[in-house]
Every structure is written in C-alpha cells, then in structure tokens.
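Predicted model only: the values in this text are computed from it and were never measured. Chain letters run A, B, ... following the sequence lines, proteins first, then strands; residues in each count from 1. Values below: every heavy atom of this structure, side chains too, minus hydrogens, waters and symmetry copies.
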Amino acid sequence: MQRQVALIKQSLFDQGYLDEQFMELEELQDDANPNFVEEVSALYFKDSARLINNIDQALERGSFDFNRLDNYMHQFKGSSTSIGASKVKTECTKFREYCRAGNAEGCLRTFHQLKKEHSTLRKKLEHYFQLARQAGPKETARRPK
Amino acid sequence: MTVEQNFEALDQFPVGMRVLAVDDDQTCLKILETLLRRCHYHVTTTNQAQKALELLRENKNKFDLVISDVDMPDMDGFKLLELVGLEMDLPVIMLSVHSDPKYVMKGVTHGACDYLLKPVRIEELKNIWQHVVRSKSRGSNNNNVGEKRDGSGNEGGGNSDQNNGRANRKRKDQYNEEEDEERDDNDDSSAQKKQRVVWTVELHKKFVAAVNQLGYEKAMPKKILDLMNVEKLTRENVASHLQKFRLYLKRISGVTNQQAIMANSDLHFLQMTSSLNGLDGFHHRPTPVGSGQFHGGTPGMRPFPSNGILGRLNSPSGIGVRNLSSPPAGMFLQNQNDLGKFHHVSSLPLNHSDGGNILQGLPMPLEFDQLQANNNNNIRNMNNNNKSIAGSSMAFPTFSTQQNSLIRAPNNNLVVLEGHPQASPSGFPGHQINKRVEHWSNAVSSSNLPPPQTSNSIHHQFNVSPLPHARPDPLEWNNVSSSYSIPFCDSAASTLSPPALDTTNPGAFSRNTDFDSNANGQPGVFYDSLQMRQSGNYGPTTDAAMLSSNPKEGFVVGQQKLQSGGFMVADAGSLDDIVNSTMKQEQSQGELSGGDMGYGGFSSLRTCI
C-alpha cells in the first residue's frame, strides 16, 4: 500500500502536476505538523475554488475587465505556485498573457483548460491523501498525537 | 540600543525573532507561517494589511521584522512597506510572485530590505534575521551621530543626518548592501532616534502641506513646525523628517529615471543624443554662472522633482538613453542650443557656455533638459550645465510622482527628468535642492553627486545616462562633472548615483569623469538649476503624492541626493558655496549616491535621463 502511495505521488510529479514546491511542503511536515500538506492543499482548493468562481462570474458577464481578471489570476498563480501545482500555474500564466493581449477568446479557452487542470489535480490529490492516510503512519511518519 | 546590546541579542538570534507575516492568500500565508516556525521564529500572521498596521502601531517593539506580500487587495504592499518604514522603522521584506526587476526596484526604493520571490524556500527565510541585526546596529550608530547633530538642525546637519538616516534606512539599503552603508549615514535617523515621533499619514500630510505652502526650497523646519501646529512636535523632529523627505524625493526622481532608463537604455541613448542637440538651446543660454540668475530662470525646472523622474521611466527611452550616452561634451553644448527649444531653459544655468565643461560631462543634463522642457523644466537648463545639474533636475522631478516629465523624455527628447514635477511635489525638488545644498556644505566632500543611489548597485548600471531620478539635482549638477551619469538615474536605486558621480565608479559612469572637470567650472550652472527648482515649487501636489507613497523613502533619498549631489544649490544660496561644494563634491560624489534615497538609491538628482 505504501508503495502504491509512493507510486501515485511519483506519477503526479512525472506528469507534471506537481513540482518541487510540493516536495518542500512535504518536508515541512513533521510530528508537529502531521497533516500539513493535506491542510495546505485543502486550503488551496478552497481558496482557488472561490477564485475560479469569481473569474467565472466575471467572464459570464461578458464585460472582460482584463485588469480584474488579471488580478484574480495573479492571486491564483500565487497560491498555485506556493503549493507546487505546476500545470495549473502554467495555465494561469497563459491566461494572464491573453489578458494582457486583450484576447478575450484566448482567455476563455485558457480558463476552461485551467479549470480542467485544477479539478484533475484536486481529484488526484484527494486520492493521494486518502491512500496516504490509509497507508498509515509508517509511511508518512505521522504519529497519532 | 547599543551595539553591544545588539550583539548580545545576537546570541539568541535568530531563534525567537518575532516576525509579522502579511499575505492575503491564505495558502501562502499558511505555508509561510510554517516555514517561519521551522526556522524557529516567533510568527504572527494576518491576511490584511490594515490589521498588520494596527498590530504594529499597537506596539512597535512587538516585532522585529515584517514580511509582506506585494499584491494585496486592501492595501498595496509597497504602501504598507513605506508606512512601516516611516512609522516604525522596522525591516520589511517583500514577497511576490513577480520577479520583474521593476517590482524589485520598487521594493528597494520603498525601503524594503529584501525582496523574495514566491514560492519562498526555507533557506531564504533562514537568513532574514540578518536584516534585523543590521538595522539594529545601524540604528545605534545613527543615534550617536544624530545626537550630535541634533543641535545643528536639518540644514546644517544634513550630512550627519543623512548619515544617520542612512542607518535607519538601512532596511532599504539592505537590499543593496553597497548602498546601505552609504545611505545609512545619511539617513536622518538621529533625529528619529532621539525622540520617536511617529509620522503618521495625517501628520505627514500636514507636513507636506506645510512644506508646499512654504515652498520646497524655502521650507525650514521651524516654519514648517509652526505651520503644522502640532503639539509635542519639535523642530528637530521636523528637521529630520524634512531631510528624509527630501531624500525620498530624490530617490523617487532617481528611481523613475532609472527605471525608465533601464527599460529603454537604447532609446534613451538615442534620445539623448538627439535631445542633446535640441538642448543646445539650453546650453547656450548665458549661464549666469553667478547662479543667482538661474533662479529666476526657469521656473519650469522645478517640475522636475519627483514627478518627472519617475514618470520618465515610462518613457525611458528618452531618458535612459540620454544618460547613457552622455554625449560628448561638445554635444551638450550644441544641444544646449536646442535646448532653448525645450523651454524654459531660459535662465538655465546650463549655459554651459562658460562651463562648457559642465555640459560635456553632462550629456546627461541635456537629457534632463529635455525632460524638463517637458515639464517646464528649468531644470534642464541645469542639466545642460552640468551633468550634475541634469541629475539634479532630474532629481527634482523625481520627487514627486516619478512620472515626471523626465521619463517623458521620448517626447521631449530630453526627457527632462523633471518628470512631472507637477505630480510630484514639485516643491520637493526645491526642497531637495535645499537639502542638498545643505548637505553640500556639510558634505562638501561628499563626492559630487552622491546620487541617492542608496541602494543598489544597479545604479551603476545606469551609468550616467539614466538620469536616475530627476532628483532635484542641484547637487547633482555639481557632481555632474564626476558623476553626472549616475546620479540622475536614481532609478537604479540609488546605487547608481554615486557611481556616476564618482570617477571611482569608472565602470558605471564613465562619463562622470569628464564631468568632474566640468563641474567645477560651472558652479554657477548648478545654481541655476537649483533656483529653477525652487521656483518650481514643486508644489504640494507632488509632495503629497510622494509623501504618501514613500514618505520615508522619499525624504531620505532626497536628502541624500542633495548632499552628494554636490551642487545642489540650495535655493540660490551662495553660489560660491555651491561651487565650492560642487567641486568638492565632485570628488566625493559618491556620497550622493550613498545617500539614502531610500528607495532605491537613485541619486535623485541624477535622474536617469
């Protein structure tokens, strides 16, 4: 089981969903902070879901306030970077470029892609954490307090 | 706190260092908190800048260091940075996803002692305690120095104040270690140290209003104090604040120029050359070396301050190039003629005709002129005269809104650093000049253009051409000879300034060397520029703007510039003095830059054109 967990994690990295930042976060996890990574991920998804909502609304309105969109995306990019969600981050960058270019269609397209990546990552991470929890303390060196 | 105490504290450092972390992004904040805890710091977090300010104001001694994100919804990170620096004098580290040099520069010029990129690594956080130690030890030094100066008041003690201030400014400088040292000294921390007066935004606004009312150049601490009519505020408080403010202005102007220049160094160069030609007009003006004449001259020059320079950055092309290219002296002269076109040049001291020398060194000034022209820069005239002047003119604009005309250069060709003096407290330039002048007297030795460089070595890069900041260069002019190049471009973050000025920074400011010789010749020229500035009265508009943005920084910067600038002819003060100081300054120019532009060390005057 633990091996499975490790494999899943490895694949996430290999596929580019996660990058070194995620590893850094894992290193921060310790006895004092046993579920750190999971907590941070949860926080991230909560925050980003809110951001996605905002962006969705802004886009639906059709007004295309590029400045505001850019701002949202900037925040999004910031948190994605902190957690190491590299694919999401890439989409964010693309989106911002389209924003700067004033390319509404490009923005829409990219945003759609971004949402996809985001939900994919979320699912994968949730799966991963679930397994990790099941795998037990040994693997993650987490000791029940 | 004595140095000894500091060192004792070091034993425990960095463990237990109290950090305040501010970031609107919950994810990042949590990660940051964990990272900091891992470094054994004591962490307090908040996701709102306002809350952070409240916490800090509640008890300044509660925290040793502040880490703040740049983009926050309720308040701009840079603004928070300024406020913290101004009110609490704590080291602040900026965090951002942006690695764009512009942001970094902004951070530096606003006084950040470091700028980290997200995602933050724990290794980077492990070292942040050094900023705290550094600022503490600087503070001690400043205090001592400041005390002595206290009596001398701002005018006189400009130098020492600046030095002290530098120490305080340390935070800002830290970003550029080189600059730190220089700036610390200049920074007027002494006054601060003595009595901790919190310069809140309201207080600062009053201060700016008073300064504007009096006229930047004429603003004297006593008068300001009377106008402000605030209880428990002493003349010393005002004096030191004024000093900082001036430096700040300088810095701003320098920064803008620098940025502009950096951005469009090529363009600047081209513009410079072209503008220079245009400048000729300016130069030709009969530069009443006597300096007194200049005053009347171009009121336009004033606009430099603050606004222009920073603004210039936008159009850096014009500006940057100019400085960089530092057209041969001859060019200046020629350009000067054209400068006339630019405008105001009227009394522009630039009339190198006498100085010729100045101009030579000053290719930059021409640029400035242009900038000024845009802004009505009399300053340009100044520029023409001496590179330093140019720097100064640029410096002027820099004060305020950085946007100044200086950067506009592309339009004006010269981008007269003046930048928008309008926007920026035009008054400041004047102030700056005054300050500078003061500094000069003190600093005389300070190297000609001690471009506010305060900070960064980046200045050097700008070398010369970029008028680092339109800092009210009265000083710069002087320096022009030596540092011409650099001071202007304060944008480079202060560091530039000195390089340009001093021949020592040969690399950066090759031009300077030339100027040095010139600078001496043209003392009068500078004076004009100064005067011009004064006339400009930079006006409250910019001041306010400037103040708000970087209250502390601005002052510091400005001050520094003045001093180093060398010429910074203080309000048409005695030209003789200026001249003398200029000469000396040229030598010492480096000082200006060292000054604490606070922000970025742009030697405000230098305004990178």
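- For the atom pair N71(A) CG and D71(B) CG, the distance stands at 8.0 Å (nearest 0.5 Å).
- Shortest non-hydrogen contact noted between I31(B) and F36(A) is CA-CZ, 4.1 Å.
- There is no contact between L32(B) and chain A, counting heavy-atom distances below 4.5 Å.
- Atom-to-atom distance recorded for L25(A):CG and I122(B):CD1 is 11.0 Å, nearest 0.5 angstrom.
- Contact of D69(B) with chain A is not made at all, since no heavy-atom distance falls under 4.5 Å.
- The local environment of CZ in F63(B) is crowded, with over 12 non-hydrogen atoms from other residues, nucleotides or ligands closer than 6.0 Å.
- Closest heavy-atom contact between R96(A) and H98(B): NH1-CE1, 3.8 Å.
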Listing, residues 43-54 of chain B side-chain donor-acceptor contacts under 3.5 Å, not counting sequence neighbours, or none:
| from | atom 1 | to | atom 2 | distance (Å) |
| --- | --- | --- | --- | --- |
| T46(B) | OG1 | Q48(B) | N | 3.2 |
| T46(B) | OG1 | Q48(B) | O | 3.3 |

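- Using a 4.5 Å heavy-atom cut-off against chain B, the contacting residues of residues 80-95 of chain A are T81(A), S82(A), I83(A).
- Residue S79(A) comes nearest to C28(B) through the heavy atom pair CA-SG, 4.0 Å, listed as atom of the first residue, atom of the second, then distance.
- No more than 12 heavy atoms of other residues, nucleotides or ligands shown are found within 6.0 angstrom of NE2 on H42(B).
- Note that the CD atom of E27(A) and the CZ atom of R38(B) stand 8.5 Å from one another [nearest 0.5 Å].
- With a 6.0 Å radius and a threshold of 12 heavy atoms from other residues, nucleotides or ligands, E123(B) has its CD atom above the threshold.
- In this structure, the portion of E24(A) lying under 4.5 Å from any heavy atom of chain B is its side chain and not its backbone.
- Judged as a salt bridge (Lys or Arg N to Asp or Glu O under 4.0 Å), and not counting sequence neighbours, the contacts of D47(A) are R50(A).
- Separating the CG atom in D25(B) from the NZ atom in K77(A) is a distance of 13.5 Å, to the nearest 0.5 Å.
- Taking the side-chain contact (heavy atoms from CB on, under 4.5 Å) definition, one finds that E39(A) meets it with N35(A), K30(B), sequence neighbours left out.
- Closest approach of L43(A) and Q26(B) over heavy atoms only: CD2-O, 3.5 Å.
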